[in-house]
Structure formats: structure tokens, C-alpha cells
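All remarks here apply to the structure that follows.
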Amino acid sequence: MKNKVILITGANKGIGETLSLEFSKIGVNVVLLGRNEESLDGVYDEIVATTSTKPLIIKCDLRNIDANGAKQINDEIMSAYGRLDGVIFNAAKLGKMSTIEDYGEESWREVFNVNLHSAFVISKEILPALKTASNGRIIFTSSGVAEAGRAFWGAYSASKFAVKGLAEILRDELETTSNIKVFNYDPGKTRTSMRASAYPAENPEDVKKPSALFNDYLWFFSEESQLSKQHYFKFDD
Ligand code: NAP
């Protein structure tokens, strides 16, 4: 993994923060994408203080990203490293928990922009770089509510269904034409602020920490996973 470059969206907290720190510890140069400068700086400083890797912060609000914004992201990565080995589309917005009848259009659009549209426009821009990597990887983040729709989960659930579709389409397009592997991964219940918002009555101590997920993510970037015929995985709780 040493000297590889991985883009992680939503790198400032939760699962994205943990993955950024853990991948840095094994020599990966992590591109930290997020919208909160202060917390991104905190992750950056910790990486620089504890590893000899070169992280890069890309500040971006994924609610508003378009093709130009995605091109800028790719350009910044290329000018900093001249390569990209993988992306983890981790950022997501939970949005409002309500019936569809009460769901606001703007809120629906924002959730879809962050959870789906951003991955579409960024994928388009980074594909040429990933195609030149020896084992390029695109990792999408799924959820239990992408398997069966559930009342009150609105745009979050619908967008995760759509992420599943995007992952399957990309995999089908890329698996016979490139070395890129596409995985869609459900981390299962994990102790983060999103989990606490969705399940406020739950005791966080009963939920695994994000660090428990790292071995699965490491495997996605391994030589072994290059041979995998399976593309959807779920954390084994
Ligand atoms: P989290 O702690 O709330 O992290 C979500 C990340 O997405 C944060 O970094 C957040 O940044 C970022 N994000 C949200 N809106 C953004 C925007 N407009 N622009 C840029 N970044 C934005 O949640 P998490 O649990 O770690 O979630 C990580 C992934 O795991 C998500 O895809 C989620 O759907 C999935 N997942 C989580 C669980 C679980 O139990 N935790 C279960 C299944 C799936 P801000 O701090 O700026 O908001």
C-alpha cells in the first residue's frame, strides 16, 4: 500500500476519519475530502504528526458539486501526486427522517447530490487516472436500507438503492476493460454521529467502532480482491 494515493470523501469524521488515519499508518497518501475545514485540519495534522505520508485536503461541499468541481478535484490530485489508486465514496447525508408525503424537495435533492450525484461526477473525472493504476479501486458505501425500503428513511434509502445501481453499472463496464475493481460495502451499524442521529435511543457502547471496519477496507485494496467475483459485501457483525 506504501505510496499509493486514495481519495476518501467525508474524511473529517466518523468512518472516513478512521479510514484516513489507518490508511496513512500503512503508508498511503490520503486525499482528505470534506467541507469542514477545521476538522479536516485536525485529521491532516494528526496524519502529519504520526506518519511520514503526504496527505492533501480538498475542501468541497458535495451538495453543490458539478462536473467542473469534480475536474478540479482530479486536477488537484494529479498535480500533487501524478497518480490515483482508489477512491472510497464514504460521505453521505442522512437527511430528514420523515414520510415521503412530508419530505421536502430541496432536502431530497441535497441528499441525492451528496450520496449519489457526487460519486457520479467524481468517478467520471478520475477514471482515466484509475485506469493507469495497477489495481484501481472504487469503493461505494451501502446501507441496510439499500436492501429493502423502510418507512421514514426517504431520500437516504432511495439514494443508497441508486448507489447500488451505479456500482453495478460501473463494475459491469470496467471489469472486462480495465484493472479497476468496484465494490459496494455496507459497514453495518457503526458508532458515528450519523448512527446516533438515526438511532438516538441506542447506547453507543453497544455499537462497534469504525476501526473494526479497517480490515475489510484493506482487503478491498489487496491483490487477493482483484480476483473476487463478488462485488457487494457487508460487515459481518
Ligand atoms: P458521519 O460520521 O455522519 O460521516 C458522514 C461524512 O459525510 C462526514 O464526514 C460528513 O461531513 C460528510 N458529508 C456529509 N454531507 C457532506 C457534504 N455536503 N459535503 C461533504 N461531505 C459531507 O457518518 P458515518 O457513519 O461515518 O458514515 C459514513 C458512511 O457509512 C456513509 O456513507 C453512511 O451512509 C455509511 N453507513 C454508516 C452506518 C453507521 O452505522 N454509521 C451504517 C451503514 C452505512 P460533515 O461533518 O461536514 O457533515
Side-chain angles (χ1 to χ4, degrees), residues 7-22 30-44 57-66 69-70 72-73 87-97 106-122 138-148 150 153-164 166-167 183-214 216-217 220 232-237:
L7 167 63
I8 301 181
T9 69
N12 61 303
K13 71 176 185 197
I15 294 170
E17 175 187 9
T18 297
L19 295 180
S20 301
L21 296 170
E22 295 297 322
V30 177
V31 182
L32 308 163
L33 189 146
R35 60 179 169 168
N36 183 317
E37 205 159 350
E38 205 183 325
S39 48
L40 283 173
D41 283 346
V43 180
Y44 180 97
I57 289 179
I58 297 185
K59 191 168 173 258
C60 176
D61 188 332
L62 296 174
R63 285 175 302 183
N64 311 317
I65 192 168
D66 59 8
Q72 274 175 31
I73 290 169
V87 58
I88 301 173
F89 287 119
N90 164 79
K93 184 172 163 70
L94 181 61
K96 195 177 160 191
M97 304 290 285
E106 192 50 35
S107 179
W108 182 275
R109 209 188 307 276
E110 278 189 4
V111 172
F112 264 80
N113 281 352
V114 176
N115 299 6
L116 177 72
H117 184 72
S118 66
F120 162 64
V121 286
I122 294 172
I138 304 177
I139 318 295
F140 289 94
T141 311
S142 191
S143 160
V145 291
E147 288 172 37
R150 200 181 300 162
W153 283 75
Y156 179 82
S157 174
S159 67
K160 292 291 187 179
F161 270 83
V163 164
K164 176 178 184 287
L166 176 59
F183 295 112
N184 188 22
Y185 179 63
D186 175 3
K189 54 180 179 179
T190 307
R191 197 187 307 172
T192 66
S193 58
M194 185 185 290
R195 179 77 196 177
S197 300
Y199 297 92
E202 184 175 73
N203 180 356
E205 297 295 322
D206 295 339
V207 180
K208 71 179 179 300
K209 292 182 184 168
S211 53
L213 303 168
F214 183 60
D216 285 358
Y217 281 93
F220 292 138
Y232 172 76
F233 293 87
K234 191 175 165 51
F235 181 83
D236 196 6
D237 267 309

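All of these numbers come straight from a predicted model, not from anything done at the bench. Quick note: numbers below take in every heavy atom, side chains included, and nothing from hydrogens, waters or symmetry partners. Just so you know, ligand 1 is whichever comes first in the structure, and atom 1 is the first atom listed for that ligand.
The closest non-hydrogen atom to atom 20 (C) of ligand 1, taken over Cys60, Ala196, Pro187, comes from Cys60. By heavy-atom distance, the residue among Leu32, Thr192, Leu213, Asp186 lying nearest atom 24 (P) of ligand 1 is Thr192. Comparing Val145, Leu40, Ile15 against atom 26 (O) of ligand 1, the shortest heavy-atom distance belongs to Ile15. Taking all heavy atoms of Ala92, Ser193, Gly188 into account, the minimum distance to atom 2 (O) of ligand 1 is reached by Ser193. For atom 40 (O) of ligand 1, the choice among Val207, Asn113, Thr190 with the nearest heavy atom turns out to be Thr190.
With respect to atom 9 (O) of ligand 1, the closest heavy atom belonging to the protein is Asn12 OD1, 2.6 Å. For atom 32 (O) of ligand 1, the closest heavy atom belonging to the protein is Asn90 O, 2.7 Å.
For Lys93, no nitrogen or oxygen atom sits less than 3.5 Å from a nitrogen or oxygen atom of ligand 1, counting backbone and side chain alike. Ligand 1 has no nitrogen or oxygen under 3.5 angstrom from a nitrogen or oxygen of Gly34. In terms of polar-atom proximity, Leu62 is counted as a contact of ligand 1, with an N or O under 3.5 Å from an N or O of the ligand. The N/O atoms of Asn36, backbone and side chain alike, include none that comes under 3.5 Å of an N/O atom in ligand 1.
Scanning both residues, Ala91 and Gly10, for their nearest heavy atoms gives CB-N, 3.6 Å.
Counting heavy atoms from C-beta outward, Thr141 and Lys160 have side chains that approach closer than 4.5 Å.
Of all the atoms in ligand 1, the ones that sit under 4.0 Å from a non-hydrogen atom of Gly14 are 2 (O), 26 (O). Close contacts between ligand 1 and Asp61 involve ligand atoms 17 (C), 18 (N), 19 (N) [criterion: under 4.0 Å to a heavy atom]. Near Lys189, with a cut-off below 4.0 Å to any heavy atom, the atoms of ligand 1 are 40 (O). Annotation for ligand 1: atoms under 4.0 Å from non-hydrogen atoms of Thr141 are 29 (C), 30 (O), 32 (O), 35 (C). Taking every non-hydrogen atom of Tyr156 and a distance limit under 4.0 Å, the qualifying atoms of ligand 1 come out as 33 (C), 34 (O), 36 (N), 44 (C). Distances below 4.0 Å separate heavy atoms of Ser142 from the following atoms of ligand 1: 43 (C), 44 (C).
Tyr232 and Glu147 form a side-chain donor-acceptor contact under 3.5 Å, judged by distance and modelled atom types alone. With no hydrogens or angles considered, a side-chain donor-acceptor pair links Asn115 and Ser159 at under 3.5 Å.
Considering CG of Leu7 and CD1 of Ile139, their distance stands at 12.0 Å, rounded to 0.5 Å.
Within the 4.0 Å heavy-atom shell around ligand 1 one finds Lys160.
The aromatic rings of Trp108 and Phe112 lie parallel to each other, with less than 30° between the two planes, well short of the 60° mark. Ring geometry for Trp153 against Tyr199 counts as tilted: the plane angle lies between 30° and 60°, on a 0 to 90° scale.
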